[in-house]
Asker: 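Dropping the structure in here first, questions after.
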Amino acid sequence: MHDVAERQLTFAEAIRESLDQAMEKDSRVIVIGEGVPDPKAIFNTTAGLCQKYGARRVFDMPLSENGLTGACIGAALSGIRPVMIHQRIDFALLAMDQLVNNAAKWHYMFNGKASVPMVVRMIVGRGWGQGPQHSQSLQAMFAMVPGLKVVMPTTAHDAKGMMIAAIEDDNPVLFIEHRWLHHVSDNVPDYYYRVPIGQARTLHEGSDVTVAAFSYMAFEALIAAKSMSMEMGIGLDVIDMRTVRPLDVESVLTSVRKTGRLIVADTAFRTGSIAGELISQVVEQAFSFLKAPPVRIASPDFPTPTSPFMAEDYYPGPQTIADAALDLMGKTKEADGYRRMSAVLVRKGPHDAPNREFSGPF
Amino acid sequence: MHDVAERQLTFAEAIRESLDQAMEKDSRVIVIGEGVPDPKAIFNTTAGLCQKYGARRVFDMPLSENGLTGACIGAALSGIRPVMIHQRIDFALLAMDQLVNNAAKWHYMFNGKASVPMVVRMIVGRGWGQGPQHSQSLQAMFAMVPGLKVVMPTTAHDAKGMMIAAIEDDNPVLFIEHRWLHHVSDNVPDYYYRVPIGQARTLHEGSDVTVAAFSYMAFEALIAAKSMSMEMGIGLDVIDMRTVRPLDVESVLTSVRKTGRLIVADTAFRTGSIAGELISQVVEQAFSFLKAPPVRIASPDFPTPTSPFMAEDYYPGPQTIADAALDLMGKTKEADGYRRMSAVLVRKGPHDAPNREFSGPF
Amino acid sequence: MHDQTKRSLFSAMLRIRRVEEALATRYAEQMMRCPMHLCIGQEAIAVGVCAALRKEDKVFSNHRAHGHYLAKGGDLSAMVAELYGRVTGCCGGRGGSMHLVDLDVGFMGATPIVGGTVPLAVGSAWAASLKGTPDVTVSFLGDGCFEEGVVHESLNFSALHRLPIIFVCENNDFSVYTRRDERQPNRPIYRIAEAHGMPAVAADGNDVEMVSSLVRTAVENARNGRGPQFLEFDAYRWREHCGPDFDDHLKYRSVQEIESGMNNCPIDRYRKVLLQSGCLDQQACTGIEAQIRKEVSAAFEFALASSKPTIKDAWEKVYA
Amino acid sequence: MHDQTKRSLFSAMLRIRRVEEALATRYAEQMMRCPMHLCIGQEAIAVGVCAALRKEDKVFSNHRAHGHYLAKGGDLSAMVAELYGRVTGCCGGRGGSMHLVDLDVGFMGATPIVGGTVPLAVGSAWAASLKGTPDVTVSFLGDGCFEEGVVHESLNFSALHRLPIIFVCENNDFSVYTRRDERQPNRPIYRIAEAHGMPAVAADGNDVEMVSSLVRTAVENARNGRGPQFLEFDAYRWREHCGPDFDDHLKYRSVQEIESGMNNCPIDRYRKVLLQSGCLDQQACTGIEAQIRKEVSAAFEFALASSKPTIKDAWEKVYA
Ligand SMILES: Cc1ncc(C[n+]2csc(CCOP(=O)(O)OP(=O)(O)O)c2C)c(N)n1
Ligand SMILES: Cc1ncc(C[n+]2csc(CCOP(=O)(O)OP(=O)(O)O)c2C)c(N)n1
Ligand SMILES: [Mg+2]
Ligand SMILES: [Mg+2]
């Protein structure tokens, strides 16, 4: 699908390799975060870095999210290129002031005299009772801020390439990782490469319905697309958005001009999600191509409950996407192949742990 | 237009009166914020309260936005009803953690056993070089959080009634005030009354184009509507949204079903604004009624520059709204009355100080 | 201290230990599907503190909440049911281990954002002072909290307004796997509180009587308008940061360290003292164990027999 | 201290005073359309501190930045042009008074969120330590900052890593119109820094030589790997918190207090000392005044002759 490379890495391994190669290439790159050099090494994404690059470049960090974000900004202004890590994106709420008031605006406020080349990795939790304070998908909150870039790669290939692009970028880039993608593997070249920020990518081609999806929802959409195509002969055009700011609306428009139908699938709470923003932009620009109102698929508008019995039906999945696509096409559940498809889509493992049935490659 | 009452108060006076009456009525209500009892009294909106209710109920506050938000939450859990004030909404970024992780979720997380009845007043700055860190319109950032309510009244009448409703509400209510509305007056009854949270209100009736507007943009839309109607015979249906969460989509849908054309005018940065959310919801539900793609009017996607020469064309105004409405109707600037209307709409005073030409009542 | 008081300090600690051991054992069944932070080894602080409180006094806690909840009198069955995600759980299943509450006994809530409940505790004390009630509030906080700005803001505000609050720092020297000296400069924690203008004491958190008597004084001070009080207690976390197991294999702390931590077991120490003084005998010990065992299995039975919520329940109570 | 050094301390203070007086006078013309916080009365701190720094050393400042900027060697014309919102302003007009920058002289930036630049200064010192350069960083912060959690986080991190930073607290007892005793408990500010594990000193901020010599020692310590240093200086803000005027009429502070504050004028005091010691005579004084006057009017002329940006410029440089 992309660079020919037979090597398979998981998303987590790809992240680790990207950090390793970026640190090797550029001695200004440092990595800091709570637990970075500890035995669990941020879900193994920082394993070995401290041993290799030393404690002066690979840091643990006090529990001071706002202060350390500020310190990273100050270091970035002074020629360092920090990669900061939050094990849960929810902790970054403590750092909103520094991210929004300083990181996003410094370059602008000071007329371009200085810039803030830093990456903030933020991991979105899910499953096993993460609960209300440990599983929010806050991308829209950051993506509304001019001056920030926000990426959410889905594949291991993109995780590596976008991490490298993010580290090389002279702006603050928020790098949001969905925890349930960490184990998914893909072809990942072993060399140093970039995947540009701001470009979506088609994961599955089809001419019936456009599914523009973010992060883990792109993974779910791909599963839906494969089954729909196989069992029902329906073609989903699955666009992995990859970047949340700037949004690659152009790619979605191109697809919508072909299909006339749009689903946007996001990992966040429905209201105020970036899905709404994307739908709005598409409608503003391709109104006349739409055969039906666009559909948004997202989490319901309440905090994530901990109990597995409540969380079970909390997250939309491939079936939700497939059903929405059928709806958009005016088809019913009586349609040919629907039962077969649903039988394939049904989750076999526990609903609150990552799906191991499909674990790549893309 | 509403309750018959000849008395005129400014928005700022109406806020003051609402606090006064709420404190009088309910001894659990307290007011706290940086500068609350100082000689400037938060743009005079807290004047005299400390004298009347004493230093045990009307507080100054250390510069500790997150900590004091937490303290207010804790007090609210314990039977106090705090009204907390930030002179600039930008400072509330420091309190995102407490607002999002605790205030918004406490009632939910603990299965409804406790609730957080608090109001957070946050003032949006504009003009006179407020600059990048003192003039953000962050409503969408809060409005995307389930568990929070967010209001943005436009008229003095609603400011009072919604403040009272907010104080009586058992949930955390963020009360966002646009600084440039503070001097605008309206008929404000002298008694204690509520304006319900979550209901929009029509400020001007028309059947050509729906303008759903937030806060100061509703004020601007009203000016546009009056001139358009007078000079061009074009009817704008101006809906003052009043509440940002929950959005009163129903009122907008009703209007759009009549006009078939929608403008959403917001005070925020364009991308990720609540305007996008509203457009998306309207499209999802009233697609077939729309004669043209909806239009969003908002601030450009860069921080607010300080220099008056740059800020001059930063903010959209009545002319922007009128032009968009014409566009939607397929009319050009050659249309009858356009020049007369534009002549009326042209700002006479300095662009970076509030418009004193129209100062109410609504 | 009365013998009866001593015995209840002892059995309260033992009860927490046995509850958590049972949780640890049954966690492997994967029916308690939520992160869980055990306080095994740190029981003396929870028990010593809560023994000095009245039922009306308030407690706020954090991710490591079981001990605080139980010591304050929280309903055991509702806690176990909460871990099993059942409707009878103290949060109806919405919270799991990291979110406990029992308002009937003044346990106001526990949440896992580090430092997150500290200002809420201050607000609770503030409310008491505004309302003129005699209640004090306790904020349990780990050594990690002193890196979070909000905690300093909380100390400042409570000292400024002389609020009736007692901050209880459980210093177990770790935040997850990171030792304190990688997160904080070499200075005592209690000095921070002192600098914020409140009396502060540091002591051994494995001595339940000492904990309790220091807290008793602090509570008296706080209740009598002498403002916030600060107590720092050393402690040792025996098991992994999060989860039911021991974690020697991770090697972030030495076996010697773990052993010496466990040798300082607050329960064993106190049992020995009480046996020696005759306040307790072997038979009484057996009785207490049996009694706890019964209570614990009843709680698990209750939990497992309770009904399961559905997504329908989850739609409720977003707003009050 | 050399006579020449003394004279430059004096004229640096006087220059800041005269610049700000000119700003205050011309502010009424409403052509500087941005909020402005004058440091009149507090000049000794800015000057004393920056005199102890090298050009390569870094400074971060806050909303009350004019003095820091000028003392560090910031370009006067670019500052005045910035207040007039012109393209030649140090931020091209994007910032106004509350956002100053002059990277050529190590003035890294000033912004108005209270405490907002403090962690950035720490990051700058961290960078120096990572890169192995000998630069130190100064963070200017007001008494209000000690209520902001992020400042404590900054103190903690810099002490932990022994970073080459000097925190300079300008304690003018006020945040806007609120006195410190309504915001902080009754305890000295420098003790907070001490508790965070760094040497801390409090002294009179109206004595420019004392300021400078204390800072000189602190800089030497910081530069030589002895970690962060903390200095608290008393000061008095003469004029209103924000804006060009005096504010006696607001009555939040007594006329006596204002008078005694003004009687302690760091410039008058120092002039007297220098005249007495013969380091300065009346003629030299006049010469300095004249020189400053010339420079100031040139700066205003430059600003007013500079071209005005437009919205087109505003679209640029959102991203690097
Ligand atoms: C704001 C925030 N940052 C990080 C975390 C992740 N985290 C959970 S518990 C914990 C350790 C806290 O250490 P301490 O306060 O000493 O409590 P202990 O676990 O030792 O009882 C951390 C870092 C969190 N929950 N919240
Ligand atoms: C986070 C934040 N809260 C509040 C304000 C409003 N504000 C601007 S300056 C100021 C006073 C700060 O006092 P201090 O730090 O002592 O500096 P001083 O003005 O006395 O020089 C305040 C409260 C702000 N700019 N930022
Ligand atoms: Mg700890
Ligand atoms: Mg001050």
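In the text below, chain A, chain B and the rest are named by the order of the sequence lines, each starting its count at 1.
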Asker: Relative to chain B, which segment of A/Leu247 carries a heavy atom at a distance below 4.5 Å: side chain, backbone, both, or neither?
Answerer: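 For A/Leu247, no heavy atom lies under 4.5 Å from chain B.
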
Asker: What is the minimum heavy-atom distance between A/Pro303 and B/Tyr108, and which atoms define it?
Answerer: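 That closest heavy-atom pairing would be O-CE2, 3.4 Å.
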
Asker: Check each atom of B/Phe302 against the heavy atoms of chain A and say whether the ones under 4.5 Å are side chain, backbone, both or neither.
Answerer: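 Backbone plus side chain of B/Phe302, per the 4.5 Å heavy-atom cut-off to chain A.
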
Asker: Could you grab the distance from atom NZ of B/Lys291 to atom CZ of A/Phe287, nearest 0.5 Å is fine?
Answerer: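 With rounding to 0.5 Å, NZ (B/Lys291) is 11.5 Å from CZ (A/Phe287).
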
Asker: Check the pair B/Glu65, A/Asp97 against side chain to side chain contact (heavy atoms under 4.5 Å, CB included), reporting the backbone distance first and the verdict last.
Answerer: CA-CA 11 Å; B/Glu65 288 78 5; A/Asp97 165 53; over 6 Å; no

Asker: Counting heavy atoms not belonging to B/Lys331, are there more than 12 under 6.0 Å from its NZ?
Answerer: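 Open: at most 12 neighbouring heavy atoms sit under 6.0 Å from NZ of B/Lys331.
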
Asker: First locate atom CG of B/Leu94, then atom CG of A/Leu93, and finally report the distance between them rounded to the nearest 0.5 Å.
Answerer: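 Output value for this atom pair is 12.5 Å.
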
Asker: So which residue, B/Gly131, B/Ala104, B/Ala275, B/Ala140, ends up with the most heavy-atom pairs under 4.5 Å with chain A?
Answerer: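 So the answer, after comparing B/Gly131, B/Ala104, B/Ala275, B/Ala140, is B/Ala140.
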
Asker: Step by step, would you call B/Val295 with A/Glu284 a side chain to side chain contact (heavy atoms under 4.5 Å, CB included)?
Answerer: CA-CA 7 Å; B/Val295 169; A/Glu284 288 165 41; over 6 Å; no

Asker: Any chance you could measure B/Ser280, atom OG, to A/Arg270, atom CZ, to the nearest 0.5 Å?
Answerer: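 Output value for this atom pair is 7.5 Å.
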
Asker: Quick one: what part of B/Leu278 sits under 4.5 Å from any heavy atom of chain A, side chain, backbone, both or neither?
Answerer: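 It is neither, since no heavy atom gets under 4.5 Å.
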
Asker: What part of A/Asn66 lies closer than 4.5 angstrom to a heavy atom of chain B: side chain, backbone, both or neither?
Answerer: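 Side chain only.
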
Asker: Where on A/Ala292 is there a heavy atom nearer than 4.5 Å to chain B: the side chain, the backbone, both, or neither?
Answerer: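 For A/Ala292, the backbone is the part near chain B, not the side chain.
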
Asker: Verify, without hydrogens or angle tests, whether A/Glu277 (side chain) and B/Gly272 (backbone) share a donor-acceptor contact under 3.5 angstrom.
Answerer: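 Here the side-chain-to-backbone pair exists.
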
Asker: Which atoms of B/Val145 are under 4.5 Å from chain A, going by heavy atoms: the side chain, the backbone, both sets, or neither?
Answerer: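 Interface part for B/Val145: side chain.
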
Asker: I'd like to know if the side chain of A/Gln133 and the backbone of B/Asn101 have a donor-acceptor N/O pair within less than 3.5 Å.
Answerer: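 Yes; judged by distance alone, with no hydrogens or angles, the pair exists.
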
Asker: I would like to know whether A/Lys105 and B/Gln136 meet side chain to side chain contact (heavy atoms under 4.5 Å, CB included); could you show each step before the answer?
Answerer: CA-CA 12 Å; A/Lys105 299 185 176 51; B/Gln136 297 168 81; 2.9 Å; yes

Asker: For A/Arg245 and B/Thr271, test the side chains for any donor-to-acceptor distance below 3.5 angstrom and give the result as yes or no.
Answerer: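 Side chains of A/Arg245 and B/Thr271: no pair found under 3.5 Å.
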
Asker: Any heavy-atom pair between the side chains of B/Gln285 and A/Pro293 that's under 4.5 Å?
Answerer: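 No - every pair of side-chain heavy atoms lies 4.5 Å or more apart.
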
